[in-house]
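One structure is given here, and the rest of the page talks about it.
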Amino acid sequence: MSHVLARFAMRLAAQVMPPARHTWTRAMRAELAHLETGLGAFVFAFGCLIGALRARVEATAGGVFAVMAYCAAVMGLSLFHLACALDGVRVLRGGVDPFYESLIRAWPGSQAIAARWQSQYLEVTLLFAALGMANLLGVLCAVRQQSFAFLCAIAITAAIAIGQACVVGNALGFSSGLRLFITVMLGQAVLSLLILRFAINPSRKDPTR
Amino acid sequence: MAQFRPSSRQSICVLRALAAQPVQWRYGYDLMKETSLQSGTLYPLLMRLSDQGLLESEWHTATRAGRPPRHAYRLTAAGLAAATAIEAAHGQTAAPDGLPAT
């Protein structure tokens, strides 16, 4: 079974590998044919698939595209966070909060939740502003190919997001909304780390440059 | 040749492994076992070394019947010089974690 999976992974690697690197796919395939153990063969083939993916992303156009697509997505997220922060400022200055209004009328007893939500306007607004700015910082570092600064920006974003999840979750007491928020942030963190690993300054691993 | 900049533990590890027996042709799986690197890390490194002219490769006929030829690798003269330069730079200080002693 594992040998079948190994062959499948190797076939995928051959599909993913840039055409100019096909000699290397042939080399990997030949090496796989010399492996004896099933599990070892699978681990080897899966590693080759990862290697092929790296080769594909590191090809200039692919790497640039990956970084740009990532930046566009995070930029959108960041603008959303900053818009939420601006809306929070408006509400703090006496504006009407439609979310609060709808919470009050949502169901019998929801007034308590609405009151908790209202009491945490300031924290939520500040955290949205911080989250938006941390995401913008991440985009800036990604565009400038600054790996370490990008990693720091991811860490800051994650820390703020956890704080945000705690504050909003405490205010609303909605476990499903909280789970969705955490899932989105985890997805972003994983994507960020993948981008860092494969697309931002991949030549750091190159001992010859 | 491009400017020399040893940066990662893995790349130094591969160069050291290849430089340990510079004349001998080495296979990918043997290098994996020797350096404890996964294939997903080793092959991209080999590709880059080859791109930079530090590594040469050739196909060897399999010793066992029914098996395909294997791709074998060894350092070029430039690659050996690069490995020596790395060794000189890193040999003065303690070896990074996980590097085999030379």
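Everything numeric in this text was worked out from a predicted model, so none of it was measured. Chain letters run A, B, ... following the sequence lines, proteins first, then strands; residues in each count from 1.
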Ring-plane angle category for A/Trp24 and B/Tyr73, please: parallel below 30°, perpendicular beyond 60°, tilted otherwise.
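A/Trp24 and B/Tyr73: parallel rings.
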Counting only heavy atoms closer than 4.5 Å, note whether B/Leu42 contacts chain A via side chain, backbone, both or neither.
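Neither part.
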For B/Ser50, is it the side chain, the backbone, both or neither that has a heavy atom under 4.5 Å from a heavy atom of chain A?
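For B/Ser50, the side chain is the part near chain A, not the backbone.
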Check whether any side-chain N or O of A/Glu31 sits under 3.5 Å from a backbone N or O of B/Tyr29 as a donor-acceptor pair, and report yes or no.
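Checked: pair present.
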pair A/His34-B/Asp30: side-chain heavy atoms closer than 4.5 Å
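SC-SC contact between A/His34 and B/Asp30 ruled out.
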Close side-chain approach of B/His71 and A/Arg26, heavy atoms under 4.5 Å:
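Not in contact.
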How many angstroms lie between atom CG of A/Leu35 and atom CE of B/Met32, to the nearest 0.5 angstrom?
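One finds 7.5 Å between CG of A/Leu35 and CE of B/Met32.
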Could you give the distance from CD1 (A/Ile50) to OH (B/Tyr43), rounded to the nearest 0.5 Å?
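It is 15.5 Å, given to the nearest 0.5 Å.
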Minimum-distance pair of heavy atoms, taken over all atoms of A/Cys48 and B/Ser39
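Looking at all heavy atoms of both residues, the shortest contact is N-OG, 3.2 Å.
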Indicate the atoms forming the closest heavy-atom contact of B/Pro68 with A/Ala30, along with that distance.
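That would be CG-CA, 3.9 Å.
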